[in-house]
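Presented below is the structure to which this report refers.
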Amino acid sequence: QDVETVDQIVFEQAAPFFRDSLNPRGATFAVRPVIEQIVAGSTPELTGNQSRFLIRRGLITAEGTLAFPILGRWLNESAE
């Protein structure tokens with residue numbers, strides 16, 4: 001129960017961070033569609049620069065998965 005409460009608090013308070021993360025300054029490509037593909041279970045084809053950009057910003061891991069899965073939940077719920 002405590003984990004669910006903390007999860008919900010993080011989810012609610014992190015919304016501005018998530019929005020900013022999907023529209024980062026300095027991005028030379030659309031970040032949100034890439035993250036949406038990862039959330040959907042796809043493996044988007046990224047250039048080296050794109051991959052490094054997303055890893056440096058903590059959005060994906062070196063393996064190409066979401067660095068923090070709650071971003072996927074937020075993305076799905078914010079689209080509704």
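Reckoned from all heavy atoms, side chains included, excluding hydrogens, waters and symmetry mates.
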Would you give me the side-chain donor-acceptor pairs under 3.5 Å for residues 15-32, sequence neighbours excluded?
residue, atom, partner, partner atom, Å
Ser21, OG, Phe17, O, 2.8
Asn23, ND2, Arg19, O, 3.3
Arg32, NE, Glu36, OE2, 3.1

In residues 57-71, what donor-acceptor pairs under 3.5 Å come from side-chain atoms, sequence neighbours left out?
residue, atom, partner, partner atom, Å
Thr61, OG1, Glu63, N, 3.2
Thr61, OG1, Glu63, OE1, 3.2
Thr61, OG1, Gly64, N, 3.4
Thr61, OG1, Thr65, N, 3.2
Thr61, OG1, Thr65, OG1, 2.9

Any donor-acceptor N/O pair, Gln50 side chain to Thr47 backbone, under 3.5 Å: yes
Qualifying salt bridge (Lys or Arg N to Asp or Glu O under 4.0 Å) pairs with a residue from residues 38-49, counting only residues at least two apart or across chains: none
Any donor-acceptor N or O pair under 3.5 Å, side chains Asn76, Arg73: no
Distance-minimising heavy-atom pair for Val39 and Gly72: CG2-CA, 3.6 Å
